[in-house]
Q: 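This is the structure I have questions about; it appears just below.
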Amino acid sequence: MEMIEKGLLEEMGLELNLKPWATDGGAHFWEVSKTAFRSVYDDQPNAHKKFMEKLDACIRNHDKEIEKMCNFHHQGFVDAITELLKVRTDAEKLKVQVTDTNRRFQDAGKEVIVQTEDIIRCRIQQRNITTVVEKLQLCLPVLEMYSKLKEQMSAKRYYSALKTMEQLENVYFPRVSQYRFCQLMIENLPKLREDIKEISMSDLKDFLESIRKHSDKIGETAMKQAQQQKLFSVILQKQNNVKFGKTVYINDRIPEERNEIVLKPVFEEEDENEEEVLTVQDLVDFSPVYRCLHIYSVLGDEETFENYYRKQRKKQARLVLQPQSNMHETVDGYRRYFTQIVGFFVVEDHILHVTQGLVTRAYTDELWNMALSKIIAVLRAHSSYCTDPDLVLELKNLIVIFADTLQGYGFPVNRLFDLLFEIRDQYNETLLKKWAGVFRDIFEEDNYSPIPIVNEEEYKTVISKFPFQDPDLEKQSFPKKLPMSQSVPHIYIQVKEFIYASLKFSESLHRSSTEIDDMLRKSTNLLLTRTLSSCLLNLIKKPHIGLTELVQIIINTTHLEQACKYLEDFITNITNISQETVHTTRLYGLSTFKDARHAAEGEIYTKLNQKIDEFVQLADYDWTMSEPDGRASGYLMDLINFLRSIFQVFTHLPCLPALSPCQDSKGILCS
């Protein structure tokens with residue numbers, strides 16, 4: 001066809017630029033270039049008409065060729081049709097045979113088909129079973145782990161349950177995520193986590209309530225252990241001192257007193273619980289804290305747990321630090337207050353060391369500083385109501401044990417020992433008030449007469465109580481009299497008792513011997529210059545105290561003044577601080593007793609003048625007498641006899657400058 005088209009155009013005398021355009025199923029399409037067709041219409045006149053004539057001639061020629069070709073092949077076509085008609089009969093026969101053969105095959109293959117279908121069905125079932133087994137093998141570990149999770153939840157093993165949840169989510173669920181039961185399990189896990197959080201938080205609340213109730217028992221145990229440790233240290237130090245020949249106290253009474261006051265409760269507790277040594281772990285089950293901390297750590301909510309724990313413990317700290325209104329009335333009130341505080345901070349210290357980050361050292365220090373300020377304010381307020389020195393001393397011992405216990409756990413307690421110095425001043429004040437009553441009782445019971453000594457045994461008894469030395473008196477035979485009255489040895493003993501009592505407070509304060517020596521001397525000076533001096537002055541001013549009693553008081557003060565150096569030696573023996581030390585405080589007993597003597601001498605002068613006035617005022621004069629009879633008046637003789645007896649009493653005085661020649665209110669000279 002393309003050759004025809006090409007020849008047609010060539011016959012027309014046109015230059016064609018033909019190129020292949022596309023092919024589809026052997027048919028070629030040609031694109032006639034724009035130049036060729038333009039030449040048909042543009043180059044020659046009547047070109048279109050000529051083109052159409054040529055095209056018609058070419059079509060006629062091709063039709064003739066087609067007709068010739070069909071005539072040439074017609075006979076072959078007829079022959080082919082004839083052959084097909086002949087084959088038709090054989091084809092029908094073959095069709096019948098094929099149909100019959102097919103029917104016979106169908107009949108013969110029915111059983112095979114049935115069996116084949118059974119085999120197919122069995123193969124399908126076998127394949128399904130294999131698939132089910134494979135899926136079940138894939139699902140069984142998930143179900144087993146979920147069953148294990150349920151068992152752990154029932155057994156309250158919540159930390160293990162959370163770990164199992166992690167395994168399920170990270171390992172097992174991705175394998176069976178396409179199944180519905182897996183989706184249900186996945187949806188149930190957040191609820192289980194919330195249940196675990198609530199349960200663990202409930203356990204923590206129960207734990208906090210439990211330690212709040214048992215904090216006093218925890219604190220009591222910790223304080224007893226600290227007390228026992230201190231006892232062992234004292235015993236060990238005492239053994240070392242004996243080993244190296246050191247003597248801390250010359251007077252054996254001091255250590256005994258110490259052991260009675262401080263260590264006796266320890267020995268009693270040891271007798272009761274010799275074999276049992278309890279620790280805070282024995283008294284408190286901390287597993288709820290550990291469990292809750294681990295659970296919140298696994299859940300990634302550790303900060304919430306820490307904030308809640310610290311907030312609740314601060315609330316409990318405020319409750320613990322709140323004292324009872326009548327705490328100052330008995331030592332048990334103070335003991336309960338201290339044991340609760342110790343128990344609280346012992347628990348916090350344990351939590352600090354066994355957990356990581358739940359509480360920090362900065363947190364405990366902040367809590368302790370807050371508590372310490374509150375404790376000091378409470379003790380300062382309540383101790384001010386204490387008027388019994390024994391109660392103040394027991395309070396001091398409790399504060400020392402309290403401070404030593406918490407210091408052993410790393411808490412700073414310097415402010416507590418500073419508070420003890422304030423309480424020491426209050427203790428001294430209560431001692432001074434107590435000893436003022438003691439001195440008043442001694443003065444009221446005194447007969448203000450020299451002490452009669454019948455035999456050597458009585459003499460040694462008095463000398464053992466009071467350091468009296470008089471060689472001339474020692475040479476005298478029995479019976480004899482000591483110049484002082486009974487109040488002098490009693491006062492001397494009570495001053496020593498006061499020093500003992502003051503020493504009881506000074507011990508265990510972690511102070512040097514020099515500081516303790518200074519404390520003892522200052523408190524003794526207060527006793528002498530304020531309490532004893534006040535009692536003496538009040539005694540001297542009492543109306544029922546006569547001249548004889550005043551003379552005896554002067555004699556007594558003289559001997560007490562001489563005994564002051566023995567009191568200084570006594571304090572030196574206790575503290576081992578020499579009196580020659582630069583900073584050693586001296587006792588002011590000399591001035592105290594001198595002032596008392598001067599007051600007594602002045603009172604003697606006053607009373608003596610009053611007595612002379614009374615004699616003069618009671619005189620009965622004979623105004624009608626014409627001349628003197630050469631005899632003195634009766635009142636004058638009584639006055640002279642009175643003065644003679646009084647001056648006889650004055651001979652026992654070492655010196656009485658106030659009774660130098662004087663003049664009474666009437667202008668009468670007396671000597």
Side-chain angles (χ1 to χ4, degrees), residues 1-37 39-40 47-140 175-181:
M1 183 66 185
E2 62 184 32
M3 294 299 296
I4 295 172
E5 294 173 352
K6 188 182 294 186
L8 177 62
L9 293 175
E10 289 177 353
E11 290 178 0
M12 295 173 63
L14 299 175
E15 295 181 359
L16 298 177
N17 184 12
L18 300 176
K19 57 181 178 180
W21 177 254
T23 58
D24 185 9
H28 297 279
F29 296 94
W30 297 89
E31 179 187 4
V32 180
S33 66
K34 294 180 180 181
T35 306
F37 282 101
S39 62
V40 172
H48 177 68
K49 184 177 180 180
K50 292 180 179 180
F51 174 75
M52 294 302 297
E53 292 176 356
K54 293 287 183 181
L55 184 59
D56 290 337
C58 183
I59 291 171
R60 288 192 296 270
N61 293 330
H62 285 294
D63 287 339
K64 292 178 180 179
E65 291 178 358
I66 291 171
E67 185 178 355
K68 290 179 181 180
M69 186 176 294
C70 288
N71 292 330
F72 178 77
H73 293 288
H74 176 72
Q75 187 60 41
F77 176 74
V78 172
D79 294 339
I81 293 299
T82 303
E83 290 293 328
L84 286 175
L85 292 174
K86 292 180 180 179
V87 173
R88 179 178 181 180
T89 304
D90 296 334
E92 291 178 353
K93 293 179 180 180
L94 179 60
K95 178 180 178 181
V96 173
Q97 292 177 356
V98 170
T99 302
D100 184 60
T101 302
N102 179 57
R103 181 180 57 78
R104 289 198 302 269
F105 271 110
Q106 290 289 337
D107 294 339
K110 285 182 179 180
E111 293 182 1
V112 176
I113 291 173
V114 172
Q115 292 179 358
T116 302
E117 290 177 352
D118 292 340
I119 291 174
I120 292 172
R121 192 162 48 250
C122 289
R123 290 290 177 85
I124 292 173
Q125 291 177 353
Q126 183 179 5
R127 184 185 62 190
N128 293 339
I129 291 173
T130 302
T131 303
V132 169
V133 170
E134 291 176 354
K135 299 301 182 182
L136 287 177
Q137 288 177 347
L138 191 63
C139 295
L140 277 177
R175 301 175 184 173
V176 293
S177 59
Q178 67 273 22
Y179 300 112
R180 184 182 176 186
F181 78 90

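Note that the coordinates shown come from a computational prediction; the quantities given were computed from them, not determined experimentally.
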Q: Taking only distance into account, with no hydrogens and no angle test, what donor-acceptor pairs under 3.5 Å do side-chain atoms of residues 91-98 form with protein atoms, sequence neighbours excluded?
A:
none

Q: When you look at CD of Gln178, are more than 12 heavy atoms from neighbouring residues, nucleotides or ligands closer to it than 6.0 Å?
A: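 Atom CD in Gln178 is crowded, with more than 12 foreign heavy atoms closer than 6.0 Å.
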
Q: Could you give all pairs that pass the salt bridge (Lys or Arg N to Asp or Glu O under 4.0 Å) test and reach residues 76-86, with sequence neighbours left out?
A: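 Every pair satisfying salt bridge (Lys or Arg N to Asp or Glu O under 4.0 Å) with a residue in residues 76-86: there are none.
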
Q: Report the distance from atom NZ of Lys110 to atom CD1 of Ile113, rounding to the nearest 0.5 Å.
A: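 That separation rounds to 8.5 Å.
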
Q: Excluding sequence neighbours, so at least two apart, what forms salt bridge (Lys or Arg N to Asp or Glu O under 4.0 Å) with Arg180?
A: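 Salt bridge (Lys or Arg N to Asp or Glu O under 4.0 Å) check on Arg180 returns nothing, list empty.
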
Q: Quick one: side chain to side chain donor-acceptor pair (under 3.5 Å) partners of Asn102, sequence neighbours excluded?
A: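 Listed in chain order: nothing, the list is empty.
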
Q: The criterion is side chain to side chain donor-acceptor pair (under 3.5 Å); which residues satisfy it with Arg103, sequence neighbours excluded?
A: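 Side chain to side chain donor-acceptor pair (under 3.5 Å) check on Arg103 returns Asp100.
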
Q: Would you list the atom pairs, donor with acceptor, under 3.5 Å between side chains in residues 116-129 and any protein atom, with sequence neighbours excluded?
A:
{"from": "Thr116", "atom 1": "OG1", "to": "Val112", "atom 2": "O", "distance (Å)": "2.5"}
{"from": "Asp118", "atom 1": "OD1", "to": "Arg121", "atom 2": "NH2", "distance (Å)": "2.2"}
{"from": "Asn128", "atom 1": "ND2", "to": "Ile124", "atom 2": "O", "distance (Å)": "3.3"}

Q: Within this structure, what is the CZ-CG distance for the pair Arg88 and Leu84, rounded to the nearest 0.5 Å?
A: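 Reported value, rounded in 0.5 Å steps: 10.5 Å.
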
Q: Of the options Glu53, Lys54, Arg60, which is the one that meets Asp56 in a side-chain contact (heavy atoms from CB on, under 4.5 Å)?
A: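 Of the listed options, the one satisfying the test is Arg60.
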
